[in-house]
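Lettering of chains follows the sequences in order, A, B, ..., and the numbering in each one begins at 1.
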Number of protein chains: 2
Amino acid sequence: MDFVRKDVHNSELPVLCRSCESRHRGICGVLSPEQLVRLSRHSSRHGAGAGQELSGESLETKSYSNIISGVVKLSKMMADGRQQIVGLQFAPDFLGRPLRQENGVTAEAATDVELCSFPKAAMDRMIREMPELEHKLHEQTLNELDEARDWMLTLGRKTASEKVASFLLLIATHADPELETDCSDFDLPMSRGDIGDFLGLTIETVSRQMTKLRKEGIIIIDHNRHVVVPDLSRLADRAAI
Amino acid sequence: MDFVRKDVHNSELPVLCRSCESRHRGICGVLSPEQLVRLSRHSSRHGAGAGQELSGESLETKSYSNIISGVVKLSKMMADGRQQIVGLQFAPDFLGRPLRQENGVTAEAATDVELCSFPKAAMDRMIREMPELEHKLHEQTLNELDEARDWMLTLGRKTASEKVASFLLLIATHADPELETDCSDFDLPMSRGDIGDFLGLTIETVSRQMTKLRKEGIIIIDHNRHVVVPDLSRLADRAAI
DNA sequence: CGTCGCATTGAAGGTTGTCAATGAGAGTGG
DNA sequence: CCACTCTCATTGACAACCTTCAATGCGACG
């Protein structure tokens, strides 16, 4: 998969990077063409199936990744098995944590994902050399913090019905980031069980609230995973935004 | 309050900084003595009473602060008045958010607090000049993210009883950071109402769970605010850590 | 002593969780 | 092609937990 042109001119981008979102909105945006070439020499694209664990023993201990496509869920688990999803990451988010070890969080592919991974050591070195890179990581961390705090309000103070509506709205806005229309249409990146773990609810409650929203005409559900929202503002009302 | 020796030698620390925790564990730890002197020329110590709002219109728009003593609560509010506390900050945390505007979070003094404030502009300039400063801020942001995610697990998956125990444990560990003994003894930094807003519970539920813990001998309560924990491990069991 | 703010306690009701049964869809093998 | 199974989602009945509403208690302060 290490498909980078070897004869690339310094001022040219590696082929893989040209159409990559991370180059625009992600971490790689702060790298110069030469740096990109240098990093891409060690980087490799690869996929991971839904459900596959991305941190822990397997991947992340030795490498970091950009998410090229798909959704990654970050979760925490209690000793007795209770679980809470504490974050969702979408392309072009950076996966992994330089400078600091993970705090009991497990990363798992929620959908099939495509990753672009680089060895930990090379990345760590670049971060130490380039303050802009740390700045970019800091920005992502601030985003994650804002999202976590928004979700704390949802977890602590919203009803089950509002929680489910908030979740659907979150996915809708991430599916079409620059959405202008007031309708939306997307696939849920995870099962009812995962949604429950994200919202602090049981599967059954999630299911009941989804059917309630469906019967009220706020959403249309196809094949369990596909959702159509004819009027996003009505959904936003239910989310108590 | 601007009590800094004017004739200070470059290699000496400003008097105010000498005994300040921020110099050791906080933001100021990455500053050289000269930089400390430069910053301290514009900084001022001042207090704020419990309940006073620290961001919004008053303070933080024009300045950042280090918390010298006391506890600051960060909260989010919904349109209908429901409220969730999304973070607690203790000395020597940095208050304010360079590089990024706050995301609908209000900072309020939970207890009486003592702050050391600097003008936004001077701080922003130093951050741009000193990557170590941004690194330090990044570290604090990572800490806050870890805390937020820990709390998401508490909010989403713990019972009322476990929530209250978790809260008491949180305060106990922050009261004596380097605690070796298995007992602890502290003042709660906030009212039952605030605790409820932190835990996603009502005042009444908080109160009932506190009395339950009291009747079981896990905590002793004096004057509503003072708590003694004879055996922290028993409390930790209740927190389901 | 009366009032005010905060905390506790009690009773009743609602929301959500638990347990159990059923349904829907995908893949498998006869 | 049609059972068969497996997984995931839905639905129902009931119980538990937490909230709501209301009353009482307690300490501080005038």
> Quick one: B/Arg225 CZ to C/dA7 P, roughly how many Å, whole number?
6 Å

> Which is more 5' along DNA chain D, the nucleotide nearest B/Val206 or the one nearest A/Arg214? Just name the residue.
A/Arg214

> Do A/Arg208 and C/dT18 share a donor-acceptor pair, side chain to base, under 3.5 Å?
yes

> Nearest whole Å is fine: how far is D/dA9 P from A/Asp197 CG?
12 Å

> Determine, step by step, whether A/Leu16 and A/Cys116 satisfy the side chain to side chain contact (heavy atoms under 4.5 Å, CB included) criterion, reporting the C-alpha distance in whole Å, the side-chain angles of both residues, the deciding distance to 0.1 Å, and the verdict.
CA-CA 10 Å; A/Leu16 269 180; A/Cys116 180; 5.9 Å; no

> Have a look at A/Gly196 and say if it touches a base, only the backbone sugar-phosphate, or nothing, with a 4.0 Å heavy-atom cut-off.
nothing

> Provide, to the nearest angstrom, the distance between the CD1 atom belonging to B/Ile221 and the C1' atom belonging to C/dC6.
14 Å

> Assign the ring pair B/Phe94 / B/Tyr64 to parallel, tilted or perpendicular, where the plane angle (0 to 90°) is split at 30° and 60°.
tilted

> Walk me through whether A/Arg82 and B/Glu162 qualify under salt bridge (Lys or Arg N to Asp or Glu O under 4.0 Å).
CA-CA 13 Å; A/Arg82 282 177 282 177; B/Glu162 291 167 340; 2.8 Å; yes

> Keeping the roles fixed (side chain from A/Asp112, backbone from A/Gly49), state whether a donor-acceptor pair exists under 3.5 Å.
no

> Starting from C1' on D/dC18, measure out to CG on B/Leu199 and report it in whole angstrom.
13 Å

> Please state how far atom CZ in A/Arg192 lies from atom C1' in C/dA24, giving the value in whole angstrom units.
12 Å

> Whole angstrom is fine here: how far is it from CG in A/Leu201 over to C1' in C/dT18?
14 Å

> Within this structure, what is the CD-to-P distance between A/Gln209 and D/dA9, rounded to whole angstrom?
16 Å

> Donor-acceptor pair, distance only, cut-off 3.5 Å: does the side chain of B/Arg149 make one with the backbone of A/Gly87?
no

> Look at the side chain of A/Arg157 and the backbone N and O of B/Leu201, then say whether any donor-acceptor pair between them is shorter than 3.5 Å.
yes

> Classify the side chain of B/Glu204 versus the base of D/dC18 as yes if they form a donor-acceptor pair under 3.5 Å and no if they do not.
no

> Closer than 4.0 Å, any side-chain N/O of B/Thr211 to the OP1 or OP2 of C/dT9?
yes

> Treat primed atoms plus P, OP1 and OP2 as sugar-phosphate and everything else as base, then score nucleotides 24-30 of chain D 5' to 3': B for base contact with protein heavy atoms under 4.0 Å, S for sugar-phosphate contact only, - for none.
-------

> Taking only side-chain N and O atoms of B/Thr205, does any of them lie within less than 4.0 angstrom of OP1 or OP2 on D/dC18?
no

> For DNA chain D, find the residues of residues 155-165 of chain B with a heavy-atom distance under 4.0 Å and give them by number; none if there aren't any.
B/Thr159, B/Ala160

> Any side-chain to backbone donor/acceptor pair from B/Lys76 onto B/Asn103? Under 3.5 Å, distance only.
yes

> Please report the distance, rounded to the nearest Å, between CE in B/Met210 and P in D/dC18.
16 Å

> Using a strict 4.0 Å threshold on nitrogen-to-oxygen distance, state whether A/Glu216 and A/Arg234 make a salt bridge.
no

> So if I apply the side-chain hydrogen bond (donor to acceptor under 3.5 Å, both in side chains) rule between B/Lys73 and each of B/Thr111, B/Asp197, B/Thr106, B/Asp194, which one comes out positive?
B/Asp194

